[in-house]
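Please read the structure below before turning to the comments.
Along the sequence shown, the residues carry numbers beginning at 1. Note: hydrogens, waters and symmetry copies are ignored here, and every other heavy atom, side chains too, is used.
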Amino acid sequence: MRRKYFIYACTALLVLMIVGTGCKKFLDVNKNINNPTPSSVTLSLVLSGAERNISNNIALGSTIGNTLSLYTHQLTGRIAADRYNAGSSNWNELYGAISNLNVIIKRAPAESRFAYAGVAKILKAYTVSLLVDIWGDVPYSEYDRFDEGISQPKSDKGSEIYPQLLTLLDEGIADLNNTAFNPSKPGNDDYIYKGNTARWIKAANTIKLKLYTQVRLVQDVKTQVAALLAQPGSLINNESESFMMPFGAIVTTDDRHPAYGDYSAAQRGGQLFSPWLYEIMKGRNPDVLTGLVDPRLPYYIYNQKSAIGGVNGTPENCTEYRDGGFISILFGSNGPCRDGSNSQTYSMLGIYPAGGRFNDSLAKSVNSLGQQNAGTGARPHEFITYPDRLYLEAELIQAGVIAGDARDVFSKALDATFAHVDNVVANYVKPGSAGEAQTVPAIATLAATKTYKDGVLAAFDAGNDNKKMEYIMTEKWINRIENPVDNYTDYRRTKFPVLFAPAPEGLVSSVTGPDGKVTPVSNDRKYPWSIPFSTGEIGLNKNAPPQKVAENYKVFWQP
């Protein structure tokens with residue numbers, strides 16, 4: 001289990017622990033973890049812990065991350081999210097991070113540490129927006145007000161929370177612009193921007209752009225987004241300004257990216273690359289990107305096996321979906337090869353999604369390589385990157401919300417996407433420092449990348465308005481593999497990209513794989529428009545709403 005970051009109460013000594021063990025910890029939003037916090041707690045520790053906690057609990061590889069990756073068909077696996085049947089997860093942890101941020105927000109202004117307050121407000125606004133995006137109506141206005149006698153916080157409507165978050169972002173920007181003397185400011189304790197307040201302000205403005213884009217179908221946001229995009233320098237405007245949380249390579253403590261966990265797992269099968277996404281990237285989907293082979297494939301997938309007859313082509317057990325060295329299972333599978341042990345056979349998340357290995361076609365099984373020879377795991381979590389900002393702008397233009405040339409911005413987004421892959425690989429993962437070093441080619445300069453981009457733009461040019469939007473959102477979906485929350489949000493807003501439909505609800509169908517194997521598949525439920533509420537919260541908070549029917553419950557920004 002990866003470490004989580006909360007404030008703990010330990011006997012008479014109250015300290016901030018940066019580990020996941022110890023004394024009794026916060027269990028739900030109606031329990032107070034702030035009353036026992038001493039006024040002397042170091043704000044830098046609280047900030048560092050909150051940043052890491054948020055990232056750990058929304059990234060690919062977290063429980064909610066893997067769930068939503070299955071829901072958007074980028075992953076598949078033998079977990080509850082298969083057939084759309086996942087429960088709630090990571091609710092407590094995200095609220096724990098908000099409680100820690102509230103410690104900073106309440107204390108920092110009184111100590112003239114306005115920069116700390118500004119960063120905390122921006123992080124809080126972003127995190128609460130995710131709670132709304134994932135669950136819908138959630139506790140906000142009455143949460144963390146135990147000192148005022150509120151122990152059973154009500155849930156607020158998401159439509160009422162969003163405007164408050166925009167105000168909170170403005171307050172955070174104002175704090176960062178405050179010229180008063182600060183006795184201390186964030187520095188290395190700020191893992192994200194190392195105390196660079198100018199970049200935090202750009203992140204805040206880009207979060208605003210994201211929130212306005214997400215409500216565009218239920219609210220007129222023309223004025224707001226036009227004002228933001230009229231000043232691109234106030235937004236994330238290049239790769240170096242991307243809003244990301246670094247994870248480190250294995251050292252004394254394990255702070256590798258959560259998605260890297262499969263590389264050290266004894267058993268695999270819960271976090272596998274989706275055959276649906278694989279076929280789209282291979283150009284085999286008849287409806288989108290047809291005939292276009294994505295040059296990112298060897299960066300996204302690491303094959304432990306070669307093709308049959310190759311240097312390492314024999315699987316441990318029968319395989320369900322196999323295309324040469326690519327081996328996985330199908331969403332909703334009822335096949336006889338679904339549950340067999342194939343830990344050294346399955347294809348794994350590669351160097352870009354998880355900081356693992358680049359697919360060099362040597363077909364080495366990860367267990368035989370050893371953990372430290374299988375990549376570094378030092379892949380950052382992406383809150384909002386420069387390519388994301390461009391995809392938001394392209395969507396807004398294509399939707400007619402603002403004026404502009406959608407094709408031109410889409411083209412820039414594609415260029416930024418490939419440059420982002422190179423940045424993550426070279427400057428974060430650093431495959432040359434792995435136990436078994438790898439030399440990874442820069443994707444942005446490959447001839448195959450230009451061929452792919454030209455093909456995507458040609459397809460874009462040939463499409464109608466709806467098809468053009470599909471290309472924008474599909475490319476964003478492929479690029480955003482590390483941020484499953486936003487992919488889930490984008491699909492529910494736009495109904496793009498097209499997702500795998502295993503079978504009509506309650507029926508059994510079949511899928512024929514590239515090797516001719518036929519696998520029965522089924523689907524138990526309709527698509528869930530949100531995630532179930534926390535059962536712990538419902539049980540402990542008398543003001544909590546009744547449990548929802550996830551396939552009927554829509555977030556307020558859904559049409």
Side-chain angles (χ1 to χ4, degrees), residues 4-5 29 50-69 71-72 86 88-102 119-141 143-144 155-169 172 192 203-204 206-215 243-245 258 380-385 388-389 392 476-477 480-493 528-534 537 548 550 553-558:
K4 300 177 176 64
Y5 299 77
V29 301
E51 289 184 350
R52 181 54 58 87
N53 189 19
I54 295 165
S55 303
N56 277 347
N57 288 287
I58 59 175
L60 183 69
S62 68
T63 305
I64 196 71
N66 284 352
T67 292
L68 299 184
S69 288
Y71 281 11
T72 54
S88 180
S89 54
N90 298 105
W91 167 283
N92 295 340
E93 292 84 350
L94 291 174
Y95 268 107
I98 292 169
S99 293
N100 285 352
L101 293 172
N102 282 343
V119 170
K121 288 176 181 177
I122 293 167
L123 277 173
K124 178 180 176 179
Y126 178 82
T127 306
V128 174
S129 75
L130 299 186
L131 291 169
V132 174
D133 295 342
I134 296 169
W135 282 283
D137 299 343
V138 296
Y140 180 66
S141 63
Y143 172 65
D144 206 13
S155 289
D156 299 295
K157 292 183 180 298
S159 59
E160 296 173 356
I161 295 174
Y162 253 48
Q164 297 177 69
L165 301 183
L166 293 164
T167 299
L168 189 61
L169 288 166
I192 296 171
T206 310
I207 294 168
K208 288 186 196 177
L209 183 67
K210 175 179 182 285
L211 298 185
Y212 283 130
T213 303
Q214 289 177 183
V215 302
F243 182 26
M244 302 193 298
M245 168 72 189
H381 169 64
E382 302 168 357
F383 297 105
I384 307 177
T385 64
D388 299 329
R389 199 276 276 175
L392 288 169
K476 184 182 181 187
W477 168 71
R480 293 289 282 163
I481 189 170
E482 195 280 329
N483 188 319
V485 177
D486 281 0
N487 282 334
Y488 182 53
T489 294
D490 285 346
Y491 174 73
R492 289 174 293 160
R493 292 189 304 110
W529 296 120
S530 60
I531 300 299
F533 291 124
S534 164
E537 176 67 9
K548 66 176 73 167
Y553 184 105
K554 291 188 175 183
V555 179
F556 81 96
W557 37 250
Q558 289 181 255

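Going from atom CG of Leu94 over to atom CG of Asn53 covers 7.0 Å, rounded to the nearest 0.5 Å. To the nearest 0.5 angstrom, Asn90 atom CG is 5.0 Å from Thr63 atom OG1. In this structure, the separation between CD on Glu160 and OG on Ser141 is 8.5 Å, given to the nearest 0.5 Å. Distance check: Thr206 OG1 to Leu211 CG gives 11.0 Å after rounding to the nearest 0.5 Å. The CG atom of Asn487 sits 9.0 Å away from the CG atom of Leu68 when rounded to the nearest 0.5 Å. One distance of note links OG1 of Thr67 with OH of Tyr488; it measures 10.0 Å at 0.5 Å rounding.
Under the side chain to side chain contact (heavy atoms under 4.5 Å, CB included) test applied with Val132, the options Val555, Asp156, Asp137 reduce to a single match, Val555.
Side-chain contact annotation: Asn56 with Glu93, donor-acceptor N/O pair under 3.5 Å absent. A donor atom on one side chain and an acceptor atom on the other are found under 3.5 Å apart for Thr385 and Asp388. At a cut-off of 3.5 Å, with distance as the only test, no side-chain donor of Glu537 or Tyr95 sits close to an acceptor on the other residue.
Evaluation of the side-chain hydrogen bond (donor to acceptor under 3.5 Å, both in side chains) rule for Asn66 yields Gln271 as partners, not counting sequence neighbours. Not counting sequence neighbours, Lys548 has no partner by the salt bridge (charged side-chain N to carboxylate O under 4.0 Å, His left out) test. The salt bridge (charged side-chain N to carboxylate O under 4.0 Å, His left out) search around Arg492 returns none, not counting sequence neighbours. Taking Tyr126 as the reference, Phe243, Phe383 meet the ring-ring contact (aromatic ring centres under 6.0 Å, His included) condition, with sequence neighbours excluded. Remark: Asp486 pairs with Lys210, Arg480 by the salt bridge (charged side-chain N to carboxylate O under 4.0 Å, His left out) rule, at least two apart or across chains. With sequence neighbours left out, the side-chain contact (heavy atoms from CB on, under 4.5 Å) criterion links Ala59 to His257, Pro258, His381, Glu482.
Other residues, nucleotides and ligands contribute at most 12 non-hydrogen atoms within 6.0 Å of the NZ atom of Lys157.
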Practice problem: Could you walk me through whether Tyr143 and Val138 pass the side chain to side chain contact (heavy atoms under 4.5 Å, CB included) test, one step at a time? | Solution: CA-CA 9 Å; Tyr143 172 65; Val138 296; over 6 Å; no
Quiz item: Hey, mind stepping through Ile122 and Leu169 against side chain to side chain contact (heavy atoms under 4.5 Å, CB included) and telling me if it holds?
Solution: CA-CA 5 Å; Ile122 293 167; Leu169 288 166; 4.1 Å; yes
Exercise. Begin with the C-alpha distance, continue with both residues' side-chain angles, and end with the deciding distance and a verdict on side chain to side chain contact (heavy atoms under 4.5 Å, CB included) for Tyr71 and Tyr491.
Key: CA-CA 10 Å; Tyr71 281 11; Tyr491 174 73; over 6 Å; no
Practice problem: Evaluate the side chain to side chain contact (heavy atoms under 4.5 Å, CB included) criterion for residues Phe556 and Val215: first the C-alpha distance (whole Å), next the side-chain angles of each, then the deciding distance (0.1 Å), finally the verdict. | Solution: CA-CA 8 Å; Phe556 81 96; Val215 302; 3.7 Å; yes
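Residues Val128 and Leu168 fail the side-chain proximity criterion, which asks for heavy atoms closer than 4.5 Å. Taking the side chain as every heavy atom from C-beta outward, Tyr212 and Leu392 never approach each other to under 4.5 Å.
Scanning all heavy atoms of the two residues, the minimum distance from Asp490 to Lys476 falls at OD2-NZ, 3.0 Å. The shortest heavy-atom contact between Pro532 and Ser88 is O-CB, 3.1 Å. Ala50 and Asn100 get closest at one heavy-atom pair: CB-CB, 4.3 Å. Of all the heavy atoms in Ile58 and Pro484, the pair that sits closest is O-CD, 3.8 Å. The heavy-atom pair separating Pro163 from Ser159 by the smallest distance is CD-O, 3.1 Å. Residues Phe533 and Trp135 share a closest heavy-atom pair of CE2-O, 3.6 Å.
With hydrogens and angles disregarded, no donor-acceptor distance shorter than 3.5 Å links the side chain of Tyr553 to the backbone of Pro528. Proximity of a side-chain donor or acceptor of Trp529 to a complementary backbone N or O of Gln558 within less than 3.5 Å is not detected.
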